[in-house]
Amino acid sequence: MDPDRFTQLDATTWQIPQQGNMRVPGILYADRQLISDMDAKVWEQLTNVAALPGIVQAAYAMPDAHWGYGFPIGGVAAFDPDQGGVVSAGGVGFDISCGVRTLTTGLSVDELQPHRETLADFLLYRIPAGVGSTGRIRLKDAEMTAMLEGGADWAVRQGYGRREDLERIEEHGRMAGAVPEAVSERARKRQRDEMGTLGSGNHYLEVQAVSEIYDPEAATAFGLQPDAVVVSIHCGSRGLGHQIGTEFLREMALSAQQYHIRLPDRELACAPLNSPLGERYLGAMRAGINCALANRQILTHLTRDVFAHVLPEADLQLIYDVSHNTCKEETHTVGGEKRRLFVHRKGATRALGPGHPDLPEAFLDSGQPVLIGGSMGTASYVLAGMATSEGRSFASACHGAGRAMSRHQATKRWRGEDLIDELAGRGIIIRSHSYRGVAEEAPGAYKDVSAVVEAAEQAGLARKVARLRPLICIKG
DNA sequence: ATGTGC
C-alpha cells in the first residue's frame with residue numbers, strides 16, 4: 001500500500017488521523033518499505049478497529065501487520081470497561097494464546113552436529129504434528145476442567161516439566177479467571193486427545209543456534225551465548241481455541257444489535273466487557289489460554305525426553321513463554337493516569353520494559369524476553385521489552401515475520417520437496433508430515449523478519465538481543 | 001489458525 005496514505009510522524013510511526021466514525025487515531029509502526037509491501041487492508045482494518053466502542057488512545061499495528069479476520073494480525077487495541085469498552089473474539093484470533101517458548105539446551109553447535117539427523121528423526125517421531133494430530137494423552141471430563149483452570153501449572157502437576165518452568169511463563173503458567181463452564185462440550189471434545197500436539201500451519205518446533213548477539217548483558221540474563229543450541233516451540237490451543245473463537249464470533253455477531261453496537265465490519269463482532277456475553281467470552285478465552293500454556297508445557301516435556309535419549313548431557317531450561325493472541329486485563333498509564341484496560345494483542349507480543357512488577361526477577365534489568373519466530377528456514381530473533389513500549393503500544397511488540405503472500409499463492413509458486421532439498425543444502429533439516437504445508441510456509445511467502453525487527457527497535461517497541469538460525473525444523 | 005474448502 002502507499003505509505004503516503006498515512007501522516008508520517010517519524011521514520012517508523014505512521015498515523016491515520018481520527019476521522020469519520022473513528023474514536024481514536026490509528027498508528028502503524030513500520031518503515032516505508034514494509035508499508036509499501038503491506039496489504040491495503042491493514043489501513044482499512046486499523047480504521048475499523050479505531051471505531052469500536054470504548055477504545056483507548058489509538059488502534060495500533062506492529063511492523064509485521066497483515067490482513068486478518070476483522071482485526072489486523074499484528075494489531076493491538078485496549079478498551080476501557082467503564083467507557084463501554086468491548087471484547088472481540090476476532091480481536092484475539094482463532095488460535096487463542098498461540099505463542100512461542102524458547103529453551104536453552106546447554107549444548108554448543110559442535111556438540112549437536114554429529115547427532116543432528118538422529119535428533120530430527122526422534123523429534124518427528126515423538127512430537128505429534130500435522131492437521132488433526134492427536135497425542136497419547138486422553139483427558140476425561142474432570143481432567144479437562146482441571147487443565148482449563150490450571151494451564152501449565154496443571155501440566156507440571158501431571159508430571160510434564162518442572163516447577164521452575166512456571167516462573168518463566170506469562171501469568172506464572174496459569175491464567176487466572178478462567179471459566180471452564182463457559183467452554184462448550186464441543187470445544188472440550190475436540191481437545192480431548194490433542195494435548196501435547198503441535199498442529200499445522202505456521203506452527204513448528206525448531207532447534208536453533210545463537211548466530212549473533214546484539215546485547216551481551218541481556219543475552220546473559222536470558223542464558224544465551226554465541227553458538228549455543230536452543231529449542232523454540234510455536235503453537236497454540238489447537239481445536240479448543242478454534243472452537244471457542246468460532247462459537248463466540250457467531251454469538252457476538254448475532255447480539256451486536258442487542259448491545260447497540262454498530263459494527264463497521266461484521267468480522268469485528270464484539271460484546272461489551274461489562275455484559276454477560278463479554279464476561280462469558282473472557283472466561284472461555286482464559287481457559288483457552290490455559291490450554292495453550294499446558295500444550296506448550298507438555299510439548300516441552302516430550303522434547304526433553306527426546307534430548308535425554310539422543311543427547312543426555314543436554315539440560316533444557318525455559319527462557320520464557322510468550323503468547324501472541326490474547327486479551328488481558330492490565331494496568332496502563334494513559335495521559336498520566338493509571339487505568340485498568342483490556343488489551344487485545346492479535347499477532348502481537350507483550351513486551352514489558354525493565355523493572356515491571358510482572359517480570360521474573362531475572363529479567364528486571366533486561367526487560368521481558370520477546371520471542372520473534374521467523375519463517376521456516378530463516379532467522380528468529382530474541383528481543384527485550386523497552387520502557388518506551390508502554391507509551392507507544394501498551395507495552396507490545398511484533399510477533400514474527402508476518403505473511404507477505406497467501407497460502408494458495410505460495411503453493412502455486414513452490415513445491416515442498418524442492419524447498420526441503422534447497423534448505424538441506426544450506427544445512428537446515430526440515431521434517432514435516434506435509435509437503436503442501438512446507439510449500440505454504442516457504443520462506444519467500446513471508447516478510448523479511450530482519451526488517452520487521454529493525455523497525456520494531458527503531459519504533460521503541462523492543463530492542464534486539466540475539467539472532468537465532470535454524471538447524472532442525474519439525475513442521476505439521 | 002482449523003476434524004483446512006467454492
Side-chain angles (χ1 to χ4, degrees), chain A residues 41 45 64-75 88-101 128-135 137-139 144 183-205 233-250 267 269 284-285 287-289 291-293 295-296 299 322-327 344-349 373 375-376 399-412 416 432-442 445-446 474-476:
Chain A
K41 277 275 182 186
Q45 294 194 320
D64 52 342
H66 56 110
W67 178 16
Y69 187 91
F71 283 58
I73 295 162
S88 164
V92 170
F94 281 90
D95 190 4
I96 294 168
S97 198
C98 179
V100 183
R101 62 165 58 184
V131 178
S133 50
T134 56
I137 301 165
R138 301 278 176 277
L139 291 190
M144 175 70 69
V183 177
S184 72
E185 234 5 86
R186 196 166 170 193
R188 295 162 75 103
K189 195 175 170 193
R190 277 182 74 170
Q191 194 59 31
R192 221 160 36 187
D193 48 9
E194 286 192 346
M195 294 310 295
T197 66
L198 202 53
S200 63
N202 64 0
H203 291 166
Y204 59 77
L205 185 150
I233 299 170
H234 176 211
C235 66
S237 50
R238 307 285 288 109
L240 181 126
H242 190 265
Q243 190 63 33
I244 293 171
T246 306
E247 289 170 8
F248 278 93
L249 213 64
R250 189 181 305 133
E267 292 187 358
M285 182 213 53
I289 290 180
C291 176
L293 298 180
N295 192 31
R296 289 196 285 274
L299 285 163
V322 293
S323 296
H324 49 232
N325 279 358
T326 57
C327 175
H344 294 67
R345 294 189 184 89
K346 180 186 187 181
T349 307
S375 50
M376 180 184 67
H399 83 307
R403 289 202 81 89
M405 190 186 289
S406 73
R407 293 186 175 278
H408 183 70
Q409 270 179 294
T411 53
K412 285 199 290 188
S432 175
H433 298 270
S434 157
Y435 283 132
R436 178 170 156 189
V438 170
E440 289 180 353
E441 292 296 314
Y446 279 82
I474 308 296
K475 299 242 13 132

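In what follows, every chain begins at residue 1, and chains take the letters A, B, ... in the order their sequences are listed. In this text the structure is predicted, and so the values were computed from the model without any measurement.
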Please test H399(A) against H234(A) for ring-ring contact (aromatic ring centres under 6.0 Å, His included), starting from the C-alpha separation and ending with a verdict.
-> CA-CA 11 Å; H399(A) 83 307; H234(A) 176 211; 7.5 Å; no
For R436(A), which residues count as a salt bridge (charged side-chain N to carboxylate O under 4.0 Å, His left out) partner, sequence neighbours excluded?
->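 Partners of R436(A) under the salt bridge (charged side-chain N to carboxylate O under 4.0 Å, His left out) test: E440(A).
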Within less than 4.0 Å of OP1 or OP2 of dT4(B), is there a side-chain N or O belonging to S200(A)?
->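 The answer is no; no side-chain N or O of S200(A) sits under 4.0 Å from OP1 or OP2.
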Quick one: is R238(A) getting a side-chain N or O under 4.0 Å of the dT2(B) phosphate, OP1 or OP2?
-> yes
Can you measure [X] atom [atom1] to [N] atom [atom2] for me and round it to whole angstrom units?
X: F94(A); N: dG5(B); atom1: CZ; atom2: P; value: 10 Å
X: E194(A); N: dT4(B); atom1: CD; atom2: C1'; value: 13 Å
X: H242(A); N: dT4(B); atom1: NE2; atom2: P; value: 10 Å
X: R436(A); N: dG5(B); atom1: CZ; atom2: P; value: 11 Å

Give one of base, sugar-phosphate or nothing for R192(A), where a contact means two heavy atoms less than 4.0 Å apart.
->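 The answer is nothing, as R192(A) stays clear of every strand by at least 4.0 Å.
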Base, sugar-phosphate, or nothing: which does G236(A) touch, judged by heavy atoms less than 4.0 Å apart?
-> nothing
Cationic N near anionic O, under 4.0 Å, R407(A) to E441(A) | yes
Is there a donor-acceptor contact under 3.5 Å from the side chain of N295(A) to the main chain of C235(A)?
->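 A pair under 3.5 Å: no.
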